Amino acid sequence: MKRQAQSIARLPIETKEGIFFASYSQDGLCRLEFPKSTKPSNTPETKQVPGTIQGWHELTTKAVMALLAGAACSRVPPLDLTSGTEFQQQVWRGMQKIDLGQTSSYAELAAAIGKPKATRAVGGACGANPIPLLVPCHRVVASHHRLGGFSGGLHWKRLLLDREQCNVFA
DNA sequence: CCACGGTGGTAGA
DNA sequence: TCTACCACCGTGG
């Protein structure tokens with residue numbers, strides 16, 4: 001069963017690394033996009049959005065800034081992960097338990113949700129993660145100190161782990 | 001069904 | 001070390 005989690009607002013987050021975009025449903029943050037190009041020029045005008053969402057967006061913005069700086073974020077907005085399948089949501093919830101500066105592996109994560117043989121499927125779920133950074137899919141690496149892949153581009157995974165001081169790679 | 005992954009483990013070179 | 005191969009499992013066509 002998969003849903004679509006309709007977004008009612010899509011707001012920009014300007015950072016040193018480019019412009020992220022955050023989408024919100026009525027239940028919270030439902031999507032976070034990596035910057036496409038480093039310089040897509042001006043921001044597409046912020047329309048009027050409900051106060052609740054403005055509050056969430058502030059939290060999201062701070063969280064993204066903090067994580068890019070390798071710092072922990074104290075508060076995060078509510079996350080709407082209902083767009084995923086049951087399995088995917090289990091994986092995503094499991095990822096949220098990985099602390100800053102820590103890493104886990106696809107196998108560990110699979111075992112953590114009681115499906116030790118679903119390692120490869122976990123990889124798929126990571127790739128389907130709608131909210132990278134806040135749901136730290138970049139902290140999931142392969143076995144034997146190998147980096148593994150990353151949908152948003154491996155350079156992001158490297159950058160994030162580097163900022164978080166995870167010198168686990170060779 | 002079938003094919004495809006952000007895997008993991010084994011076997012050889 | 002690196003390559004080749006294969007078992008696994010959830011997802012989408």
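If you're wondering where the values come from, they're calculated on a predicted model, not measured in any experiment. The chains referred to below are lettered A, B, ... by the order of the sequence lines, with proteins before strands, and numbering in each begins at 1.
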Check your understanding: Does any non-hydrogen side-chain atom of V140(A) lie less than 4.5 Å from one of Y106(A)?
Key -> yes
Check your understanding: Has the side chain of T119(A) got a donor or acceptor that lies under 3.5 Å from a partner of the other kind on the base of dG8(B)?
Key -> no
Revision key, fill the gap. Here the distance between atom C1' of dT3(C) and atom CZ of R146(A), to the nearest Å, is 12 Å
Practice item. Mind checking S151(A) for me? I need base, sugar-phosphate or nothing, with any heavy atom below 4.0 Å counting as a touch. Key: base
Review point. With a 4.0 Å cut-off on heavy atoms, is V140(A) in touch with a base, just the backbone sugar-phosphate, or nothing at all?
Key: base
Point to revise | Residue T85(A), side-chain heavy atoms: nucleotide from dT11(C), dG6(B), dG8(B) that is nearest | key: dT11(C)
Review point. Touch check for K157(A), heavy atoms < 4.0 angstrom, all strands: base, sugar-phosphate only, or nothing?
Key: base
Check your understanding: How many Å lie between CG on L109(A) and C1' on dG8(B), as a whole number?
Key -> 15 Å
Check your understanding: Does a salt bridge link R75(A) with E58(A), judged by any charged N lying under 4.0 Å from a carboxylate O?
Key -> no
Exercise for review: Measure from CZ on F87(A) to P on dT7(B) and round the result to the nearest Å.
Suggested key: 13 Å
Review point. NA contact type, G127(A), heavy-atom cut-off 4.0 Å: base, sugar-phosphate, or nothing?
Key: base
Check your understanding: Counting side-chain heavy atoms from C-beta on, which of dG6(B), dG5(B), dG8(B) comes nearest to A121(A)?
Key -> dG5(B)
Check your understanding: What's the spacing between S83(A) OG and W92(A) CH2 if we round to 0.5 Å?
Key -> 4.5 Å
Review point. Honestly curious: do L147(A) and F34(A) fall in one hydrophobic cluster under the side-chain, below-4.5 Å linking rule?
Key: yes
Practice item. Starting from P on dG6(B), measure out to CH2 on W156(A) and report it in whole angstrom. Key: 19 Å
Check your understanding: Among dG6(B), dT7(B), dG9(B), which is the nearest nucleotide to the side chain of H144(A)?
Key -> dG9(B)
Exercise for review: Check the distance between dG6(B)'s P and L161(A)'s CG and give it to me in whole angstrom.
Suggested key: 17 Å
Check your understanding: How long is the line joining NE2 of H145(A) and P of dG8(B), in whole Å?
Key -> 13 Å
Check your understanding: Whole-Å distance between dC8(C) P and R120(A) CZ?
Key -> 13 Å
Review point. Do D80(A) and T82(A) get their side chains close enough for a donor-acceptor pair, meaning under 3.5 Å?
Key: yes
**Study point:** Interatomic distance, L147(A) CG vs dG8(B) P [rounded to whole Å]
**Key:** 12 Å
Practice item. Could you check which nucleotide pairs with dA11(B) in any of the strands shown, counting Watson-Crick or G-U wobble with both distances under 3.5 Å? Key: dT3(C)
